[in-house]
Amino acid sequence: MKKEEAKKLFEQLTYKRKNSWLTLDSEPVFAYATNYMKFIDRAKTERLAVDCLVEYLEEKGFKPLESLDRVGKGERVYITRDGKSLVAAVLGENLADGIDMVAAHLDAPRLDLKPYPLVEDSELAILKTHYYGGVKKYQWLNIPLAFVGTVVKKDGTVIDVSIGLDREDPVFVISDLLPHLDGREGDFRKVFQGKDLNALSASIPVIEQCEIENPVKLTFLKLLNEKYGMVEEDFYSADVQLVPAFEAREVGLDRSMIGAYAHDDRVCSYTALTALADLVESTVPSRTTMVLLFDREEIGSEGVTGAKSRFWVTFIERLLNLSMIDEMYSIDFLLERSRMLSGDVAAAFDPTFKDVYDPVNTAKLGYGIAISKYTGSRGKSSTSEASAEFVGEVRALFNRKGIHWQNALLGEVDKGGGGTVAKFFAEKGVTVLDAGVPVLGMHSPYEIISKADLYETYRAYRAFLEGDDA
């Protein structure tokens, strides 16, 4: 075979991923990334993320479902649950034909305050925490932390608290042992313990020690009371977190990457919701489209705001009841006609730690949205695994639209594993495939993504939600 013939045959038969930067127009990529960075800086908690996204939805013509008596074709509606989860939809020609959905999650690994968190030890006020989700505990030491959340006071008043996000605010820090005295050895997961994640919060006594017990703790409570009217018992009815106080920054001299807290999974939440909101308002989609943004994914999707709960099912049932459909359809019938992209981040290949990846089956920064046919661990445990037919359908759609996509698995076999919300929808009959943004340093206080992957994920979600309408 001649060289040119072999080259042509190679191009026809083999699969080669392509770096998105080589063909993308960088102007819209950077413009979209700028808006995303503003969002990720505001959305330090799931509550703040919901507030920000609801504001965006209402600017795009979406209405809260509870404000409507009827819903018709093209209607833009949303609901929230406990301020932590959000579902938005654009109604299509016939809801009974099924729904095209993108699901993602708004929660992120963090440090929650314990119900009674404030103690004094050696004349230092300390906030005791309970870590949430999968964290490497040592990564949370000696970094600036912000005190953010919602408090229900003893009189029932609900207030939002935030200390540390404004540049003029003080921050909180969990101090680590200096290397000169650190003789700890062994597995870092045992060396660094959750009980030691205690944040320095004050050091000035309000009065001499002999006059009153815990005078430094009282200083903290006095300042908190002056700012928010809180007393110590109010901590018990509060959702307060310590989150990294870092701002999102461009990474690399070419500014091609973004470093920020909580890319996992607010990046897929943002790209999904902006894709839905950017659908042409004057056009009624042939199929109903929906974005579901959940809480609690990092701890198994438990609770009333997680994907295992029924609030999103109730939302669809309410749409059926309000949509003036003559025939009666069961929710199971509707879900079995529905399709979903489970929007969660993928592990990006890190050349420093090559041994835990399969290089040809791992996502790379800058190569587009990462498609994972299955997640799970060991022998594909706890994964839904998308069908070849649906993977082929999505792949063909992305190819038609010129969207950069790549294959992705979560590391080499037997090196670890994890899952997404996909399996909970598969259990209900929804056809589902995982697809999201590749991330370096996942679950760390400062994760890294590529602007190109961010933009291509937005384009991919929009293409999926538009279907054949565009």
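This structure is a prediction, so every number in the text was calculated from the model and none was measured.
For the ring-ring contact (aromatic ring centres under 6.0 Å, His included) test, no residue two or more places apart in sequence or in another chain qualifies with F315. Partners of H263 by ring-ring contact (aromatic ring centres under 6.0 Å, His included), not counting sequence neighbours, listed by chain and number: Y36. Remark: A408 pairs with A346, A363, A370, S372 by the side-chain contact (heavy atoms from CB on, under 4.5 Å) rule, at least two apart or across chains. The ring-ring contact (aromatic ring centres under 6.0 Å, His included) search around F353 returns none, not counting sequence neighbours. In this view, T314 and R310, E317, R318 satisfy the side-chain contact (heavy atoms from CB on, under 4.5 Å) rule, not counting sequence neighbours. Judged as a side-chain contact (heavy atoms from CB on, under 4.5 Å), and not counting sequence neighbours, the contacts of Q139 are K136, S444, P445. Applying the salt bridge (charged side-chain N to carboxylate O under 4.0 Å, His left out) rule to D41 yields no partners; only residues at least two apart in sequence or on another chain are considered. Scanning for side-chain contact (heavy atoms from CB on, under 4.5 Å) contacts around R296 gives Y132, I299, T305, with sequence neighbours left out. Taking E232 as the reference, K217 meet the salt bridge (charged side-chain N to carboxylate O under 4.0 Å, His left out) condition, with sequence neighbours excluded.
Remark: side-chain polar atoms of S162 are not paired, donor with acceptor, to backbone N or O of V148 under 3.5 angstrom. A donor-acceptor distance shorter than 3.5 angstrom exists from the side chain of T271 to the backbone of V267, with no hydrogens or angles considered. A donor-acceptor distance shorter than 3.5 angstrom exists from the side chain of S269 to the backbone of H105, with no hydrogens or angles considered. Without hydrogens or angle criteria, T219 side chain to V206 main chain gives a donor-acceptor distance under 3.5 Å. Checked by atom type and distance alone, the side chain of R287 never pairs as donor or acceptor with a backbone atom of S338 at under 3.5 Å. Within the 3.5 Å criterion, the main-chain N or O of D295 finds a donor-acceptor partner in the side chain of S85.
Taking a cutoff of 4.0 Å between a charged side-chain nitrogen and a carboxylate oxygen, E427 and K423 do not qualify as a salt bridge. Under 4.0 Å is where a charged nitrogen must lie from a carboxylate oxygen, and between R266 and E447 no such pair does. Ion pairing of D187 with R189 is present here, as a side-chain N (NZ or NE/NH1/NH2) and a carboxylate O approach within less than 4.0 Å. At a threshold of 4.0 Å, the pair R70-E75 does not count as salt-bridged, since none of the basic side-chain nitrogens sits closer than that to a carboxylate oxygen.
Separation of atoms CG (L24) and NZ (K451) is listed at 13.0 Å; rounding is to 0.5 Å. Separation of atoms CE (M101) and CG (L335) is listed at 6.0 Å; rounding is to 0.5 Å. Between the CG atom in L111 and the CZ atom in F147 there is a gap of 13.0 Å [rounded to 0.5 Å]. In this structure, CG on N198 lies 9.0 Å from CG on D121, to the nearest 0.5 angstrom. How far CG of L145 is from CG of L197: 9.5 Å, rounded to the nearest 0.5 Å. To the nearest 0.5 Å, atom CD1 of residue I40 and atom CG of residue N35 are 13.0 Å apart.
Contact of the L465 side chain with the V291 side chain is registered, since non-hydrogen atoms from C-beta on lie closer than 4.5 Å. V231 is not listed as a side-chain neighbour of L221, based on a closest heavy-atom distance of 4.5 Å or more. Looking only at side-chain heavy atoms (C-beta outward), S450 and W21 come within less than 4.5 Å of each other. Residues Y138 and V191 fail the side-chain proximity criterion, which asks for heavy atoms closer than 4.5 Å. By the 4.5 Å heavy-atom criterion applied to side chains, F39 and L53 are counted as neighbours. A 4.5 Å side-chain heavy-atom check between L65 and L319 finds at least one atom pair inside the cut-off. Looking at L124 and V216, their side chains never come closer than 4.5 Å, going by heavy atoms from C-beta outward. Using a 4.5 Å heavy-atom cutoff, the side chains of V151 and V158 are not in contact.
Donor-acceptor pairing under 3.5 Å is lacking for the side chains of T289 and D100. Under 3.5 Å, the side chains of Y32 and T274 contain a donor-acceptor pair of N or O atoms. Under the 3.5 Å distance criterion, with hydrogens and angles disregarded, a donor-acceptor pair is assigned to the side chains of Y458 and R462.
Crowding of Y131 atom OH: a count of heavy atoms from other residues, nucleotides or ligands under 6.0 Å not exceeding 12. Surrounding CD of E27 are at most 12 heavy atoms belonging to other residues, nucleotides or ligands under 6.0 Å away.
In this structure, L177 and R184 approach most closely via the heavy-atom pair CB-NH2, 3.9 Å. Nearest heavy atoms, A103 versus F294: CB-CE1, 4.3 Å. Annotation for L68 and L322: closest pair O-CD1, 4.1 Å, computed over non-hydrogen atoms. Scanning all heavy atoms of the two residues, the minimum distance from E466 to L279 falls at CG-CD2, 3.2 Å. Minimum interatomic distance between M442 and A347 (heavy atoms only, all atoms of both residues): CE-N, 3.6 Å. Residues Q406 and T362 approach most closely at OE1-O, 4.4 Å, considering heavy atoms.
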Walk me through it: do V102 and L276 pass the test side chain to side chain contact (heavy atoms under 4.5 Å, CB included)? CA-CA 9 Å; V102 179; L276 179 72; over 6 Å; no
Please assess R110 against Y261 for the test side chain to side chain contact (heavy atoms under 4.5 Å, CB included), listing each intermediate value before the final yes or no. CA-CA 10 Å; R110 61 179 188 256; Y261 166 63; 3.5 Å; yes
Walk me through whether L273 and L86 qualify under side chain to side chain contact (heavy atoms under 4.5 Å, CB included). CA-CA 10 Å; L273 204 75; L86 168 66; 4.1 Å; yes
Stepwise side chain to side chain contact (heavy atoms under 4.5 Å, CB included) check, L410 with T375: CA-CA 6 Å; L410 186 56; T375 54; 5.7 Å; no
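Residues Y78 and Y56 place their aromatic rings such that the two centres sit no closer than 6.0 Å. For W312 and F425, the ring centers are positioned less than 6.0 Å apart.
Partner of Q241 under the side chain to side chain donor-acceptor pair (under 3.5 Å) criterion, chosen from R47, E46, K44: E46.
Note on residues 154-172: pairs passing salt bridge (Lys or Arg N to Asp or Glu O under 4.0 Å), not counting sequence neighbours, are R167-E247. Residue pairs meeting the ring pair (Phe, Tyr, Trp, His ring centres under 6.0 Å) criterion with at least one member in residues 236-255, sequence neighbours excluded, are Y116-Y236, F246-Y446. Annotation: ring pair (Phe, Tyr, Trp, His ring centres under 6.0 Å) contacts involving residues 216-235, sequence neighbours excluded, are absent.
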